[in-house]
There are 2 protein chains.
Amino acid sequence: MDLKTVDAGLLQSRYRLTKQRAAVLRALGDGGHLSAETILEKVRTELPAVSLGTIYRTLDILRAIGLVQIFSFGGSAARYEAALDKHHHLLCTNCRTLENVQADGVAEIAAQIAATKGFSDVDYGLTIVGRCTKCAGKAGQNGAN
Amino acid sequence: MDLKTVDAGLLQSRYRLTKQRAAVLRALGDGGHLSAETILEKVRTELPAVSLGTIYRTLDILRAIGLVQIFSFGGSAARYEAALDKHHHLLCTNCRTLENVQADGVAEIAAQIAATKGFSDVDYGLTIVGRCTKCAGKAGQNGAN
DNA sequence: CTCTCTGCAAAGCATTTGCACATTG
DNA sequence: CAATGTGCAAATGCTTTGCAGAGAG
């Protein structure tokens with residue numbers, strides 16, 4: 001993630017650019033899908049006193065500005081990622097690994113449905129779940145929303 | 001939902017057919033997207049002593065058998081519905097109303113991506129979020145996973 | 001200087017679980 | 001009967017919040 005964009009995003013907003021916020025964005029810069037807890041650990045390597053509350057508050061702000069995207073799936077902790085390109089998610093229900101994928105055509109389908117129903121300010125997300133190659137044996141879970 | 005299917009589903013499984021489980025399925029029969037709490041209220045009209053723990057345990061079993069589908073989105077309580085046809089979800093981020101929609105072409109897209117990545121036992125779900133006609137003014141949320 | 005942010009600790013909710021008793025097959 | 005399910009209540013895990021002091025602009 002481009003730090004100029006990051007700082008600009010915060011500065012242009014009504015929010016202040018603090019070292020905690022910059023650190024959270026830096027933690028997400030590597031492109032992973034991180035839980036709040038994991039982000040806390042990463043941020044604490046530079047700022048040992050940060051609290052989990054601040055992480056959550058920061059992530060919420062960054063989401064509001066559009067710099068961060070949340071992925072939450074059934075029960076366990078939500079995962080956060082830098083909002084770069086539009087993409088979809090491929091989740092292994094066994095090892096819970098999450099991967100980004102591109103999917104042509106979904107945008108049109110979603111836009112068309114939304115238009116039919118009179119929705120505005122539309123966003124959409126396709127989540128594909130299953131067993132990844134490494135987890136190909138084992139008991140199965142159901143449902144992808 | 002067809003009760004013959006329901007009972008058969010439970011009987012064919014290794015699970016017992018208790019009055020609580022039948023009642024939960026009946027509560028979902030009307031086709032709504034219900035929270036565990038709402039299901040509890042409905043079930044208590046016939047079985048006043050049922051506990052929330054039992055509702056959750058039952059829903060989990062019914063999901064495992066494939067009779068029930070979960071929809072969970074960012075933070076708030078999950079919603080459960082009878083698993084009838086394959087469909088997708090249209091969610092108003094303001095009033096949180098949830099509607100089922102059909103979407104041609106998504107199955108193929110998802111199957112193709114899953115195949116490329118070597119996934120097995122695949123399921124997928126498209127969630128479209130936005131502001132419904134009734135909520136067309138107001139501040140906006142972000143992200144659809 | 002003023003207003004916003006942070007750390008801390010406590011609270012909040014949704015969901016899960018241990019245990020003794022009730023029920024099913 | 002033996003195995004499984006249930007109610008109750010306590011526990012858990014993730015996330016949010018109130019407050020007093022610290023920091024940004």
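Every heavy atom of this structure was used, including side-chain atoms; hydrogens, water molecules and symmetry mates were not. Each chain gets a letter, A, B and so on, in the order the sequences are listed, and its residues count up from 1.
Rounded to an integer number of Å, the gap from B:Ile55 CD1 to C:dT16 P is 13 Å. What separates CD1 of B:Ile61 from P of C:dT24 is a distance of 15 Å, to the nearest Å. A:Leu17 has its CG atom 6 Å from the P atom of D:dG25, to the nearest Å. In this structure, the CD1 atom of B:Ile39 is 10 Å from the P atom of C:dT15, given to the nearest Å. A:Asp60 places its CG atom 12 Å from the P atom of C:dC5, with the value rounded to the nearest Å. Whole-Å rounding puts the A:Leu40 CG to D:dC14 C1' distance at 13 Å. Rounded to a whole Å, the CZ atom of A:Arg14 is 15 Å from the P atom of D:dG25. Following rounding to the nearest Å, A:Leu52 (CG) and C:dC8 (P) show an atom-to-atom distance of 12 Å.
Remark: B:Thr38 pairs with B:Leu34, B:Ser35 by the side-chain contact (heavy atoms from CB on, under 4.5 Å) rule, at least two apart or across chains.
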After noting the C-alpha distance and the side-chain angles of A:Arg63 and A:Asp60, does the key distance pass the salt bridge (Lys or Arg N to Asp or Glu O under 4.0 Å) rule?
CA-CA 5 Å; A:Arg63 178 173 54 75; A:Asp60 201 46; 2.4 Å; yes

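Closest non-hydrogen pair, A:Val101 versus B:Lys117, comes out as CG1-CE, 4.0 Å.
The 12-atom threshold is not exceeded at CD of B:Gln112, counting heavy atoms of other residues, nucleotides or ligands nearer than 6.0 Å.
Of the candidate nucleotides D:dT6, C:dG7, C:dT15, C:dT15 has the atom nearest to the side chain of B:Ala36. Closest contact between the side chain of B:Arg16 and the listed nucleotides D:dG23, C:dT24, D:dG7 involves C:dT24.
Side chain A:Arg57 to base C:dC5: no donor-acceptor pair is found below 3.5 Å.
Checking the phosphate oxygens (OP1, OP2) of C:dT6, a side-chain nitrogen or oxygen of A:Thr18 falls inside 4.0 Å. Taking 4.0 angstrom as the limit, B:Tyr56 places a side-chain polar atom (N or O) nearer than this to OP1 or OP2 of C:dT15. Note on A:Ser51: a side-chain N or O is less than 4.0 Å away from OP1 or OP2 of C:dG7. Contact between the side-chain N/O atoms of A:Arg21 and the OP1/OP2 oxygens of C:dT6 is found at a separation under 4.0 Å. Note on A:Gln20: every side-chain N or O is 4.0 Å or more away from OP1 and OP2 of D:dG23.
Between the axis at the start and the axis at the end of the helix from C:dC1-D:dG25 to C:dG25-D:dC1 there is an angle of 40°, using five pairs per end and rounding to 10 degrees.
Between B:His33 and B:Phe71, a ring centre-to-centre spacing not shorter than 6.0 Å is recorded.
Residue B:Ile128 forms a side chain to side chain contact (heavy atoms under 4.5 Å, CB included) with just one option from A:Val106, A:Ile113, A:Asp123, A:Ile109, and that option is A:Ile113. B:Tyr80 pairs in a side chain to side chain contact (heavy atoms under 4.5 Å, CB included) with only one of the listed residues (B:Leu62, B:Thr58, B:Leu59, B:Val24), which is B:Leu59.
Across the interface with DNA chain C, nearest-nucleotide mapping of B:Lys19 and B:Tyr80 shows B:Tyr80 to be the residue nearer the 5′ end. Nucleotides of DNA chain D nearest to A:Gly53 and B:Arg44 differ in position, and the one nearer the 5' end is that of B:Arg44. Nearest-nucleotide positions on DNA chain C for B:Arg79 and A:Thr58 put A:Thr58 closer to the 5' end.
Judged by distance alone, the side chain of A:Gln102 and the main-chain N or O of A:Lys86 form a donor-acceptor pair under 3.5 Å.
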